[in-house]
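What you see is a predicted model; the values in this text were computed from it and never measured. Counting starts at 1 for both ligands and their atoms, following the listed order.
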Amino acid sequence: MSEGVQILLVEDDPAERRAAGRALAQTGRVVTEAASGAEALGVLRRGGDFVVVLGLALPDMDGRDLLVRIAADHPDTPAVIVTSVDDVAVAIDALQCGAWEYVVRRADGSHLVHLPGVLARTLERRELVRDRNRCREEVEALALALRGTTDGVVVLDPGGRVAFVNLALAHAWRQPESTIVGRFLGDFVGTPGGQADLGDVLAAVGEGGRWSGELRTRGIEPPQGVWDVTLTPLGSPAPAPGHARTAVGIFRDMSEKYALEQLRADFLSMITHDIKVPLTVILGYTEMLTDPEPPPDQIPPEVLTRIRESGETIHGLVCNFLDLSRIEAGRMTLDPRPFDLAEMLDHAVEHYGSTARRKGVRLALETERLPALVADESQLQRVVANLLGNAIKYTAAGGRVTVSAARQDGRVAVVFRDTGHGIPADEMPHLFEKYRRVRQAKRTEGTGLGLFIAKTIVEAHGGDIRVESTPGVGSTFTVLLPAAMSGVCRGDRGGRGERTGERKRLAQRRPTRRA
Ligand code: ADP
């Protein structure tokens with residue numbers, strides 16, 4: 001874009017300046033004249049798009065110094081020198097100082113005829129330099145984006161070797177970029193189960209254009225290293241068939257999606273199994289109960305217990321799902337009231353007693369005189385059901401589960417201790433995550449929601465839940481709940497006074513031991 005470019009003519013000799021000014025006016029451009037270096041710099045500082053024409057001998061500075069200043073302060077302003085000495089060395093010197101072109105001054109003034117042409121060439125060159133700089137910036141920005149993007153990017157040469165790989169992909173392939181470049185793409189990824197040869201895929205890209213599909217990182221088991229890949233050949237129109245082409249591959253990491261799908265599939269089969277087993281028990285026994293043979297009085301009482309427990313297993317599953325959907329929808333509300341924790345634990349232990357007995361697990365409750373607790377009793381029942389249910393579920397026959405409650409530093413600690421199979425140390429940091437289950441050789445029923453729900457409920461009460469576990473020895477889950485302020489149970493707020501008597505009764509009954 002050279003329209004609007006003005007000419008700045010820097011010449012101290014008035015006659016020279018006039019002659020040059022006349023010649024330059026023929027270009028149709030505005031010509032501004034300056035008689036010194038300082039004046040010229042002043043014009044440039046005021047702004048505008050200029051091409052500078054200057055002589056090297058100026059009254060206040062060496063023309064080369066002016067060139068250096070222009071190049072430094074106005075790098076987009078080209079300068080053409082008019083030198084009186086027909087000496088290449090002077091011209092080279094000036095070019096090194098930042099001049100774009102030079103014209104040798106002739107005594108007969110014939111150099112002025114060439115000056116407009118030289119300026120036009122200089123401005124054309126400036127356009128080319130601008131274009132080149134724009135391209136360079138674009139390439140740099142693209143390279144930066146490619147390097148920084150979280151998607152993987154490779155450029156493949158026509159032989160299928162990696163010519164470029166971005167940081168994200170190099171990280172995912174766990175190799176530095178430098179060791180990937182130059183090797184075949186097939187060294188790093190392959191089609192799932194090796195269904196197709198990567199060479200065929202690349203040949204198809206060369207011939208048929210774009211290819212999209214799944215590739216997997218070699219040596220890494222799914223869900224890691226699963227990629228949704230698009231390979232696109234570069235250059236159009238396509239060369240002759242059979243001709244290999246450079247291609248760009250965009251790799252989108254599908255590991256998380258793959259893991260989620262796997263989780264959903266596992267989860268579905270898990271819950272259908274976990275509901276089907278107790279349902280079969282219920283249906284089997286109710287069929288037996290509705291059958292006239294054997295007579296009802298000969299049916300063992302254990303049958304009813306099994307029906308109840310199976311119903312409760314399904315109920316527990318459904319409750320966990322309902323809790324989860326409430327938590328996820330932000331609809332979990334608390335209805336805190338003073339209540340008797342010891343009594344609630346007593347009921348829970350009694351309730352789970354038959355399950356523990358049938359499993360051959362001893363179950364004990366130890367509580368001391370507890371301070372008043374203001375909490376949502378039904379929500380805490382869900383916590384106790386999950387933790388106590390787990391303790392029994394993950395403890396083998398002959399083991400022991402102890403529930404205890406005691407004061408601890410101004411809080412109430414409810415502890416569920418078992419002598420079960422324990423939890424591996426590397427699982428501990430993730431234990432309370434949604435759907436988290438420890439992988440075991442033999443699957444125990446469960447959905448991986450109980451601990452997540454328990455933690456959410458306890459934390460909503462301003463409490464804390466902790467776990468200690470030693471594989472092969474057992475686990476201890478501790479729920480710490482804030483004790484109510486003193487006096488809360490003494491009837492100074494609606495309805496609470498009635499509980500004082502109960503609290504006393506409970507105090508007389510503690511400690512309770514149940515085996
Ligand atoms: P679920 O029991 O339904 O799988 P939870 O969220 O209650 O889900 O528990 C998550 C995982 O923590 C369980 O799958 C189990 O591996 C482990 N776990 C929980 N409680 C215990 C325990 N008392 N002993 C051993 N492992 C446990």
- Can any side-chain N or O of Thr419 pair as donor or acceptor with the backbone N or O of Gly399 at less than 3.5 Å? no
- Note on the structure: Distance col, row His421:NE2 vs Lys393:NZ, nearest 0.5 angstrom, shows 9.5 Å
- Could you tell me whether the side chain of Glu445 and the main chain of His273 form a donor-acceptor pair under 3.5 Å? no
- Tell me, do Ile457 and Met332 make a side-chain contact under 4.5 Å, heavy atoms counted? yes
- Could you list the atoms of ligand 1 found under 4.0 angstrom from a heavy atom of Gly446? 1 (P), 3 (O), 4 (O)
- Query: Nearest to atom 3 (O) of ligand 1, what protein heavy atom do you find, and at what distance?
  - Reply: Thr447 N, 2.8 Å
- Message: For Arg134, is there an ion pair with Glu138 - N to carboxylate O distance below 4.0 angstrom?
- Response: no
- Query: Nearest to atom 4 (O) of ligand 1, what protein heavy atom do you find, and at what distance?
  - Reply: Arg437 NE, 2.4 Å
- Message: Can you tell me if Gly420 contacts ligand 1 (heavy atom of the residue under 4.0 Å from the ligand)?
- Response: no
- Note on the structure: One finds that the ligand 1 atoms under 4.0 Å from a non-hydrogen atom of Leu449 are 6 (O), 8 (O)
- Note on the structure: Check: of Arg436, Glu433, Glu427, min heavy-atom distance to atom 11 (C) of ligand 1 comes from Arg436
- Task: Determine the interplanar angle of the Trp173 and Phe188 rings, folded into 0 to 90°, and report it as parallel if under 30°, tilted if 30 to 60°, perpendicular if over 60°.
- Result: parallel
- Per-atom filter on ligand 1: closer than 4.0 angstrom to a heavy atom of Leu431 are 12 (O)
- Message: For atom 19 (C) of ligand 1, what is the closest protein heavy atom, and at what distance to 0.1 Å?
- Response: Asn390 ND2, 3.5 Å
- In the protein, which heavy atom is nearest to atom 26 (N) of ligand 1, and how far is it? Ile423 CG1, 3.4 Å
- Just by modelled atom types, is the Thr333 backbone N or O under 3.5 Å from a matching donor or acceptor in the Arg326 side chain? no
- Task: Keeping the roles fixed (side chain from Arg126, backbone from Asp76), state whether a donor-acceptor pair exists under 3.5 Å.
- Result: yes
- Under 4.0 Å between a Lys/Arg side-chain N and an Asp/Glu carboxylate O for Glu127 and Arg130? yes
- Query: Does the side chain of His351 reach to within under 4.5 Å of the side chain of Arg308, using non-hydrogen atoms?
  - Reply: yes
- Asp151 side chain vs Ile250 backbone, donor-acceptor pair below 3.5 Å: no
- Item | Per-atom contacts, ligand 1 versus Lys393 - under 4.0 Å to a heavy atom | 1 (P), 2 (O), 3 (O)
- Message: Is Asn386 close enough to touch ligand 1? Criterion: a residue heavy atom under 4.0 Å from a ligand atom.
- Response: no
- Task: Heavy-atom contacts with Ser475 under 4.0 Å: which atoms of ligand 1 show up? List them by number with element.
- Result: 24 (N), 25 (C)
- Message: Applying a heavy-atom cut-off of 4.0 Å, say which part of Glu445 lies close to ligand 1: side chain, backbone, both or neither.
- Response: neither
- Phe477 neighbourhood, listing ligand 1 atoms whose heavy-atom distance to it stays under 4.0 Å: 20 (N), 21 (C), 22 (C), 23 (N)
- Message: Using a 4.0 Å cut-off to any heavy atom of Gly450, which atoms of ligand 1 qualify?
- Response: 5 (P), 6 (O), 7 (O), 8 (O)
- How does Asp418 reach ligand 1, if at all, at less than 4.0 Å between non-hydrogen atoms: by side chain, backbone, both, or neither? side chain
- Counting distance only, does the side-chain N/O of Lys434 pair as donor-acceptor with the main-chain N or O of Leu324 below 3.5 Å? no
- Query: If you count the atoms of ligand 1 from 1 in the order shown, which ones are under 4.0 Å from a heavy atom of Leu451?
  - Reply: 5 (P), 6 (O), 7 (O), 9 (O), 10 (C), 12 (O), 19 (C)
- Query: Of the backbone atoms (N, CA, C, O) and the side-chain heavy atoms from C-beta on, which set of Val438 has a member under 4.0 Å from an atom of ligand 1: side chain, backbone, both, or neither?
  - Reply: both
- Note on the structure: Checking heavy-atom distances from atom 18 (N) of ligand 1 to each of Tyr394, Phe416, Phe432, the winner is Tyr394
